[in-house]
Every structure is written in structure tokens, then in C-alpha cells.
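The structure appears below as C-alpha cells.
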There are 2 protein chains.
Amino acid sequence: MDIMNDTQSRVREVFSEYLSEKGHRKTPERFAILVEIYEIIGHFDIEELYVKMKNKNYRVSRATLYNTIELLLDCDLIKKHQFNNSSHFEKSFQFKQHDHLILDSGEVLEFCDPRILNIRKTIEEIYNVEISDHKLYFYGKKKE
Amino acid sequence: MDIMNDTQSRVREVFSEYLSEKGHRKTPERFAILVEIYEIIGHFDIEELYVKMKNKNYRVSRATLYNTIELLLDCDLIKKHQFNNSSHFEKSFQFKQHDHLILDSGEVLEFCDPRILNIRKTIEEIYNVEISDHKLYFYGKKKE
DNA sequence: ATTCTTGCAAACCATTTGCACAAGG
DNA sequence: CCTTGTGCAAATGGTTTGCAAGAAT
């Protein structure tokens, strides 16, 4: 079994367990949406996902996409971002933690810097909180 | 002249120069909105600003608020945030750079950590970009 | 005088809701 | 069965747009 299929099955398992724990039903629609999302490279928005599934002749509604996205966010299988005045998502299971550099042009680059974890620890101590996640965005433009 | 009035006049000046540079007109509405925003402590959204001004018997429309907010963002007099599924703003002139810790409860705390600047420098070098701004959000919950 | 800006109302569009039917437990 | 979840269509609500009147330059 190759890496992608392995990810697929582990992701399914995570979602399955989450649905059980929360007493939600394991519908084929929910797993189909999960699979479609995990096929996407990079960011996506609801409309793109809707079109992708419609093109594959899925009978799916936007309402169900919104509902399922909510569940996937809750069990940390996807992450939501809001910049440039729109919402988009990305898969987050077993993908290296990364943040975003948003350029003037609209281009979005990803980067990874472990020093953010030090800041995180400090904030946890100062405020006596347990931090589960972070989002860091830099805004800039290319130098000539 | 006390500190607040001093800020007021400097902010007006910044906005005034920006409007000149960009060839936009200096309307009383624009300055009134600026003043109202700078009276607000903490975050606000468009509706709150609209109600605040209506209560003071301003004759102002939401359309103008949206337009003016756009100008104020462009000249860096305010900053926009989108978390918990809504847009809100805060004034940003001469207020210490800070980031946000968003708790489960919906509570939003502010913090300041200079180490973010080191990360920023590194990213500028690696990607050969000029970073003008950043936003860092931590998500967590209070420990008992 | 010309052009930009305003308030108002209508339009827009992403997201949510209501409902009847389908299907998971 | 009972209840949750689904697709569809209508409703919602924040934001944008079109337009006639008003104001800045």
C-alpha cells in the first residue's frame, strides 16, 4: 500500500472514530467528501469542492458540504483560513505544520519556522492557557 | 493638549495626507468616521460603528462606512481581523504591535512578543520579499 | 462646471435554514 | 422504528452596487 492510500485509510479512521465519539452517523456522503478533500493539493473553497464533486457526478448539496466541513474542522482534519476576503481550507492531517506568506499579487507561499513554538510556550505560561493551534500570516511583496 | 487629542490630530493628518496623495476628496464624512473609530477601545465591526454613529445622530450610510474603512485599511490607520466567522477592525496608529490569543469562550486577549520579528527577518531573506505586516493568532482554552 | 462622494435601496453572494424524504443505528 | 442526515430551494445577513442628489475641487 503506497503512502497516499495509507494516508487515506488513516484519515478515514480518524474521522470514523470522531463520528462515533460524537454520536454522529457514518454516512457515505461524509466519507466521500473527506476523500475528495484529501485529493486536493493546496487550498480550496466550498465552491471549488462543490464543482469538483458535481463534475464527478456526485449528488451532493452545498448544505452538506458546509455541514461536513464543520465536522472536519472540529476533528482537526482540515484547517480554515480567511484572508483576501474569502474563506478557504486545507487538509491538515499529518502534513507538516506551516504558515502563510501572502503576497500583493495574491500569491500565497508556505513556510515553516520552529521558533513559533517558543513563542507559543511563553504565551501558554504567561496566560495559563493550553494552546491547540496557531495561524501566522505575513503580508508582503516581492523585492525586485 | 493631552495625549488623546494629540493622537487625534496626528491621525487626521496622516489620513489627510493619504487622501491628497491618492487624489481622494477630503469629505467631512471621512474624517467623522475616522474620529469615531479612534474613540473606540478594542475591536469593532461595521454594524457597531454604524449604530454608534446613528446614536449620535450622524446621517451616515453603511455603504460609506465600508468605503471609508477600505481607505483607512489602505493607509494603515486600521487593521482588519477575521476570526470566529466575522470581520472586525481595530485602530492601529501608534498602538503597540500586538497579536491575539483567541479562547474557546470567545474571549480575545492581546499579547506582544518581539521574537516574531526574528521570524519575519528570516522569511524576508529566504523569500526575498519585503514584509509590511503580520498577523499571529493562537487558539486555546484556559487551564483550570 | 466637472467629477467624486453620499445616502438610500436594491442586488449580490456566501452561508444557513426549513422541509420532506432517505437512510443509519 | 426513531432520529439524524440529505438535497433542494428559500431565507438570511454582511457587503457591494446603481443611481440621483449633493458637495469637493
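Side chains are part of it too, since the values below use all heavy atoms of this structure and drop only hydrogens, waters and symmetry mates.
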Between CZ of Arg30(B) and P of dA23(D) the distance, given in whole Å, is 15 Å
Could you tell me whether the side chain of Thr68(A) and the main chain of Thr64(A) form a donor-acceptor pair under 3.5 Å?
yes
May I have the distance from Leu65(B) (atom CG) to dT16(D) (atom C1'), rounded to whole angstrom?
14 Å
Indicate the ring-plane relationship of His98(A) and His100(A), choosing parallel, tilted or perpendicular according to the 30° and 60° boundaries.
perpendicular
Considering only side-chain heavy atoms of Ser61(B), which listed nucleotide, dG7(D), dG5(D), dG7(C), is closest?
dG7(C)
note: Glu48(B), atom CD; dG14(D), atom P; distance rounded to Å ~ 11 Å
Rounding to a whole Å, what distance do you find between Arg59(A):CZ and dA9(D):P?
10 Å
Taking the side chain as every heavy atom from C-beta outward, state whether Glu39(B) and Glu36(B) have any pair of such atoms under 4.5 Å apart.
yes
Per-nt protein contacts along nucleotides 16-25 of chain C (heavy atom under 4.0 Å; B base, S backbone sugar-phosphate only, - none) come out as BB-----BBS
Atom OH of Tyr58(A) and atom P of dG7(D) are separated, to the nearest Å, by 12 Å
Without swapping roles, check the side chain of Ser86(B) against the backbone of Gln82(B) for a donor-acceptor pair under 3.5 Å.
no
List the atom of Tyr58(A), the atom of Ala32(A), and the distance in Å for their closest heavy-atom pair.
CE2-CB, 3.8 Å
Rounded to whole angstrom units, what separation is found between the CD1 atom of Ile69(B) and the P atom of dT5(C)?
16 Å
Between Phe138(B) and His134(A), what is the ring plane arrangement, given parallel below 30°, perpendicular above 60°, and tilted in between?
perpendicular
Five pairs per end, C1' atoms only: what is the angle between the end axes of the helix from dA1(C)-dT25(D) to dG25(C)-dC1(D), to 10 degrees?
40°
Using whole Å, report how far NZ of Lys22(B) lies from P of dT25(D).
18 Å
Can you see if the side chain of Ser87(B) gets near the phosphate of dT15(D) - specifically, an N or O under 4.0 Å from OP1 or OP2?
yes
Take the protein atom OH of Tyr50(B) and the nucleotide atom P of dG14(D), then report the distance between them rounded to whole Å.
13 Å
Donor-acceptor check, side chain of Lys135(B) to backbone of Lys79(B), threshold 3.5 angstrom: yes or no?
no
Between Asp76(B) and Ser92(B), the two heavy atoms sitting closest are O-OG, 2.8 Å
Just so I know, are the side chains of Asp99(B) and Tyr137(B) near enough to count as touching, which here means a heavy-atom distance under 4.5 Å?
no
